[in-house]
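Only a predicted model underlies this, so the values are computations on that prediction, with no experimental measurement involved. Numbered from 1 within each chain, the chains take letters A, B, ... in sequence-line order.
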Protein chains: 2
Amino acid sequence: MAKARDPEERISARNRRIIIKAGIEIFARKGFDGTRIAEIAEASGLPKANVYYYFSSKEEIYTAIIAHLIAGWDDALKYISPEREPAEAFRLYIKAKLDYARRNGAESRLFASEIIQGARFLTKKDRDHMRRVTDVHVGVVEGWIAAGKLLPVDPRHLFIMLWASTQFYAEFEPVAADGLRKTRLKIEDYDKAAATISETILKGILPAS
Amino acid sequence: MAKARDPEERISARNRRIIIKAGIEIFARKGFDGTRIAEIAEASGLPKANVYYYFSSKEEIYTAIIAHLIAGWDDALKYISPEREPAEAFRLYIKAKLDYARRNGAESRLFASEIIQGARFLTKKDRDHMRRVTDVHVGVVEGWIAAGKLLPVDPRHLFIMLWASTQFYAEFEPVAADGLRKTRLKIEDYDKAAATISETILKGILPAS
DNA sequence: GTCTATATTTTGATAGAC
DNA sequence: GTCTATCAAAATATAGAC
């Protein structure tokens with residue numbers, strides 16, 4: 001029994017992974033309603049019926065991807081912590097968020113697409129989790145302000161500026177590339193973005209030395 | 001003839017306008033591939049065949065909307081001009097962009113959706129136009145830097161920060177509202193956003209006085 | 001200009017042989 | 001676990017009466 005189950009589980013896990021990966025790309029480009037299972041099947045190299053063998057509906061693939069995506073975030077966002085100096089913390093945070101977005105472009109666009117389309121499949125649990133993480137970060141920034149390490153600034157609007165600026169390059173790459181007069185964005189463009197965002201915002205919120 | 005054509009043209013113009021308006025909402029929520037003509041027809045209060053009477057295909061409705069949208073932008077973006085002082089220019093620009101996004105939420109989301117989905121229907125003409133407008137603004141900022149009115153900063157990345165920050169609230173309203181711990185965004189939230197973005201970025205790029 | 005009816009194609013999903 | 005064949009529903013688009 002154990003002998004027989006192992007390879008089956010490997011095949012199962014592998015195919016589920018392939019389907020998820022193909023789904024990320026296609027859902028990102030077409031949105032939930034615009035995506036057809038046949039496309040995911042084709043991109044996965046599987047017949048359509050096999051996709052239905054692993055997932056019972058389009059929605060099940062989609063929500064599996066969303067859950068997988070949110071789980072992958074917390075790592076990238078651990079730098080805002082009270083024991084750090086704010087300048088270093090924000091530099092690391094900005095770099096980590098830009099890196100994550102660049103390396104997971106399709107996931108980032110899929111999430112953006114889900115939000116633009118009204119966050120229909122974001123569970124209450126996911127949203128509560130994101131709100132709590134934000135609250136913790138807001139608390140850290142308020143602590144820095146109280147300690148005189150940061151100028152008074154609304155921490156929630158500050159984080160929105162950071163989210164927006166760091167996500168834009170991956171989510172809206174055609175516009176970002178046009179704006180930079182490049183055909184495609186390279187690592188150097190992301191580095192330059194990190195430098196510009198960090199320097200501008202830090203000068204804007206650090207007390208004059 | 002003239003007597004008969006006038007009212008007909010009014011009906012025609014009116015129905016085209018109604019279809020465009022309904023299309024903006026639905027394309028914004030579902031993307032191009034996810035939108036069905038039947039939905040646009042229903043939201044317009046017209047039978048599906050009437051939509052086909054005014055537009056010969058889904059793509060024709062979509063591209064008409066994109067063109068209409070780009071035409072509406074230039075007005076909102078006229079504040080970056082060399083005769084202004086940079087502080088005032090950026091404040092007005094940030095306010096105008098946030099206002100436009102708030103008042104034209106569906107259009108903003110539709111455009112964001114189009115970019116995320118790969119800018120498939122943005123014509124070369126539209127992209128060239130946007131690039132040229134950006135180049136003019138970049139030139140103005142470079143002039144201010146050369147005149148010592150702004151600290152050295154990469155103008156293209158600066159504009160991306162401004163685009164991203166000002167568009168985020170309308171495009172990703174569910175996330176912005178969660179981040180601010182509100183259920184829905186109000187005008188006051190947009191005002192506070194304008195203040196935070198303006199103050200932070202201006203402190204970041206204006207020379208110490 | 002309007003709208004019912006319909007042709008044609010595509011879609012999500014399943015049955016059932018291997 | 002895999003995959004061909006297929007269904008029922010829904011989609012785009014058009015014909016043609018009013």
remark   = Hits for side-chain contact (heavy atoms from CB on, under 4.5 Å) against D189(A), two or more places apart or cross-chain, chain-then-number order -> L180(A), K182(A), L185(A), K186(A)
Would you list the atom pairs, donor with acceptor, under 3.5 Å between side chains in residues 156-165 of chain B and any protein atom, with sequence neighbours excluded?
from	atom 1	to	atom 2	distance (Å)
R156(B)	NH1	G179(A)	O	2.8
R156(B)	NH1	D135(B)	OD1	3.3
R156(B)	NH2	D135(B)	OD1	2.9
H157(B)	ND1	Y169(A)	OH	2.7
W163(B)	NE1	Y93(B)	OH	3.2
S165(B)	OG	M161(B)	O	2.8

message = In this structure, how many angstroms lie between the C1' atom of dG12(C) and the CD1 atom of I61(A), rounded?
response = 11 Å
message = For a quick check, with a 4.0 angstrom heavy-atom cut-off, what is the B/S/- contact string for nucleotides 6-18 of chain D, read 5' to 3'?
response = -----SBBBB---
inquiry  = Expressed as a whole number of angstroms, how long is the span from I18(B):CD1 to dG1(C):P?
reply    = 13 Å
request  = Mind checking side-chain contact (heavy atoms from CB on, under 4.5 Å) for L46(B) and listing every partner two or more places apart, or none if nothing turns up?
outcome  = N15(B), I19(B), S44(B), N50(B)
key: Euclidean distance, atom CD1 of residue I11(B) to atom P of dC3(C) [Å, nearest integer]   = 11 Å
task = May I have the distance from I19(B) (atom CD1) to dC3(C) (atom P), rounded to whole angstrom?
result = 12 Å
side-chain contact (heavy atoms from CB on, under 4.5 Å) partners for R184(B), two or more places apart = E173(B)
request  = Check the distance between dG1(C)'s C1' and R10(B)'s CZ and give it to me in whole angstrom.
outcome  = 15 Å
key: Rounded distance (Å) that lies between atom C1' of dC3(C) and atom CG of N50(B)   = 6 Å
query = Once you round it to whole Å, what is the distance between C1' of dT2(C) and CG of N15(B)?
reply = 10 Å
key: Given dT2(C), dG1(D), dG1(C), the nucleotide with the shortest approach to the side chain of Y54(A)   = dG1(D)
task = Please state how far atom CG in D33(A) lies from atom C1' in dT11(C), giving the value in whole angstrom units.
result = 13 Å
query = Any side-chain donor paired with an acceptor under 3.5 Å for E114(A) and Y62(A)?
reply = yes
If you look only at distance, which donor and acceptor atoms sit under 3.5 Å apart when one is on a side chain in residues 192-202 of chain A and the other is two or more places apart or in another chain?
from	atom 1	to	atom 2	distance (Å)
T196(A)	OG1	K192(A)	O	3.0
S198(A)	OG	A194(A)	O	2.8
T200(A)	OG1	T196(A)	O	2.8

